[in-house]
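Written out below as structure tokens is the structure these notes cover.
The analysis underlying the following values was restricted to heavy atoms, covering all of them including side chains, and did not include hydrogens, waters or symmetry mates. Sequence lines set the chain letters: A, B, ... in the order given, protein chains first and strands last, and positions in each chain run from 1. Please read all numbers here as calculations on a predicted model, not as lab measurements.
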Protein chains: 2
Amino acid sequence: MSSNLTAKLSARQEQLLEALRRAEQELSGQDLHARLRASNTPMGLATVYRHLRLLQQWGLVRCRHLPSGEALFAPTERDEHHLTCVDCGSTHRLAHCPVHQLALPGEELNGFLPLFHTLEFFGLCPNCQRRQGRLPAEA
Amino acid sequence: MSSNLTAKLSARQEQLLEALRRAEQELSGQDLHARLRASNTPMGLATVYRHLRLLQQWGLVRCRHLPSGEALFAPTERDEHHLTCVDCGSTHRLAHCPVHQLALPGEELNGFLPLFHTLEFFGLCPNCQRRQGRLPAEA
DNA sequence: GTCATTCTGAGAATCATTCTTGTTTAGGCT
DNA sequence: AGCCTAAACAAGAATGATTCTCAGAATGAC
């Protein structure tokens, strides 16, 4: 089915998706634009965002937002999630998705068709715990 | 422990947290600013965002980002998650958090101290499935 | 009361993303 | 091939949420 879908993608959409798949990690819209621009399939920034939005709507691309506000994009089939430090902002990839096969109860779904999910854990990394003098309740 | 923390919060921080707790739903920074401004504890927009960031760092406030890019804030103790339609953007609250007591394996944590998490499901709502003519593979 | 420090908020600045608009491309038709 | 229409494109302007700046207000120590 996924192949059926991709068979119908436009050239630009294929190029975008390929660039994401080739990337070793999540990319921001700007990153993606810069990479494509440097490659042999350059395209405008507006085009990048326009198609990223469409690919999200087809369920082929997923995005998450860093605390900094920038959005990172990845292909949906890469089911990766992260620990993010609320203090220094560093992120650490989880080896396994703890929600992978989690089934949502039917009555929760209510006809909704799930395509993908995002799951992020926020907390303090070891470094920031050490210099947590800024925590109000610090004894 | 949570009370220890809040005991050390500044007046402004208490006001913010109270406003969030009183709210029947998640609020954006702008919403929050407007509400406080209309209340008897008005405060500037910069102050709202400044303290929201701190409250997030203490683990008292959590935020999620809509596809539209706006950030919604809620008190951490309210463990709510959503289904969001990638097409029309409507969101539907889940009655129960499916990750509530989910324990992360210790080796995944690596010293990281989790404070809260975000979990969002994206997909198509019944309405958008009906007029999904825009799906590339639609037969 | 005075001084130093922290906190505040109005408005400017930032910056990722989206919109506008004139141009280019693709493909069907004769 | 030549022409036509509709869709796709890209550059730059516009948007809008969030962050920064900085001068004044509040706070607290002495």
Side-chain angles (χ1 to χ4, degrees), chain A residues 7-17 19-20 23 26-58 61-74 84 86-89 122 133-136 138, chain B residues 8-17 19-20 26-58 61-74 84 86-89 133-136:
Chain A
K8 291 299 199 63
L9 295 179
S10 75
R12 282 278 141 85
Q13 288 158 3
E14 296 277 14
Q15 291 160 12
L16 262 170
L17 202 46
L20 278 177
E26 301 163 298
L27 297 177
S28 70
Q30 306 280 347
D31 290 343
L32 207 39
H33 176 235
R35 290 200 178 200
L36 289 166
R37 186 150 272 267
S39 78
N40 58 337
T41 57
M43 71 182 77
L45 187 56
T47 304
V48 170
Y49 281 111
R50 184 153 10 103
H51 289 304
L52 275 177
R53 193 154 29 135
L54 291 173
L55 290 171
Q56 276 185 89
Q57 295 190 353
W58 313 152
V61 161
R62 164 173 69 74
C63 88
R64 70 170 177 129
H65 290 261
L66 292 182
S68 71
E70 73 178 326
L72 299 180
F73 297 85
T84 299
V86 293
D87 197 344
C88 68
F122 294 90
R134 68 175 71 179
L135 270 176
E138 224 274 320
Chain B
K8 291 299 199 63
L9 295 180
S10 75
R12 284 279 140 88
Q13 288 159 1
E14 295 278 14
Q15 290 160 14
L16 262 169
L17 202 47
L20 278 177
E26 301 163 297
L27 296 178
S28 70
Q30 307 280 347
D31 290 342
L32 207 38
H33 175 235
R35 290 201 178 199
L36 288 165
R37 187 152 269 270
S39 78
N40 57 337
T41 58
M43 73 183 76
L45 187 55
T47 304
V48 170
Y49 281 110
R50 211 181 352 244
H51 288 306
L52 275 178
R53 190 152 34 133
L54 292 173
L55 290 172
Q56 276 186 91
Q57 296 190 353
W58 313 154
V61 161
R62 161 173 72 73
C63 87
R64 69 170 179 130
H65 290 262
L66 292 182
S68 71
E70 72 179 328
L72 298 180
F73 298 86
T84 299
V86 293
D87 196 343
C88 67
R134 68 175 69 178
L135 269 175

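Contact annotation: the side chain of B:Phe73 never approaches that of B:Leu16 to less than 4.5 Å [non-hydrogen atoms, C-beta and beyond].
Contact annotation: A:Arg53 side-chain N/O to C:dA16 OP1/OP2 distance is not under 4.0 Å.
Remark: B:Asp87 CG to A:Trp58 CH2 distance equals 8.5 Å, nearest 0.5 Å. Taking CD from A:Glu70 and CZ from A:Arg64, the interatomic distance works out to 9.5 Å, rounded to the nearest 0.5 Å. Here the CZ atom belonging to A:Arg12 is positioned 15.0 Å from the CG atom belonging to A:Leu17, to the nearest 0.5 angstrom.
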For nucleotides 10-17 of chain D, print each protein N/O atom paired with a nucleotide N/O atom at under 3.5 Å, atom names and distance only.
from: D:dA10; atom 1: OP2; to: A:Gly44; atom 2: N; distance (Å): 2.9
from: D:dA10; atom 1: OP2; to: A:Thr47; atom 2: OG1; distance (Å): 2.6
from: D:dA11; atom 1: OP2; to: A:Arg37; atom 2: NH2; distance (Å): 3.2

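Rounded to an integer number of Å, the gap from B:Leu54 CG to C:dT6 P is 15 Å. The interatomic distance linking A:Gln56 (CD) with C:dT17 (C1') rounds to 12 Å, in whole Å. Across the protein-nucleic acid pair, A:Leu27 atom CG and C:dT17 atom P stand 12 Å apart, rounded to whole Å. In this structure, A:Gln13 places its CD atom 13 Å from C1' of D:dA7, rounding to the nearest Å. Rounded to whole Å, the distance from CG on B:Leu66 to P on C:dT18 is 13 Å. Atom-to-atom, NZ of B:Lys8 to P of C:dT6 comes out at 16 Å; the value is rounded to the nearest Å. One atom, NE2 of A:His51, and another, P of C:dT18, lie 14 Å apart when rounded to the nearest Å.
Using a 30° and 60° split on the angle between ring planes, B:His65 and A:His65 fall in the parallel class, below 30°.
Residue B:Gln13 comes nearest to B:Leu55 through the heavy atom pair O-CD1, 4.1 Å, listed as atom of the first residue, atom of the second, then distance. Nearest heavy-atom pair across B:Ala19 and B:Leu32 is CB-CD1, 3.9 Å. Nearest heavy-atom pair across B:Pro42 and B:Ser39 is CD-O, 3.8 Å. Heavy-atom minimum distance, B:Met43 versus B:His33: O-CD2, 3.2 Å.
B:His65 comes within 4.0 angstrom of nothing in the nucleic acid, heavy atoms only.
Across its full length, the helix from C:dG1-D:dC30 to C:dT30-D:dA1 shows an angle of 20° between the axes of its 5 terminal pairs at either end, rounded to 10 degrees.
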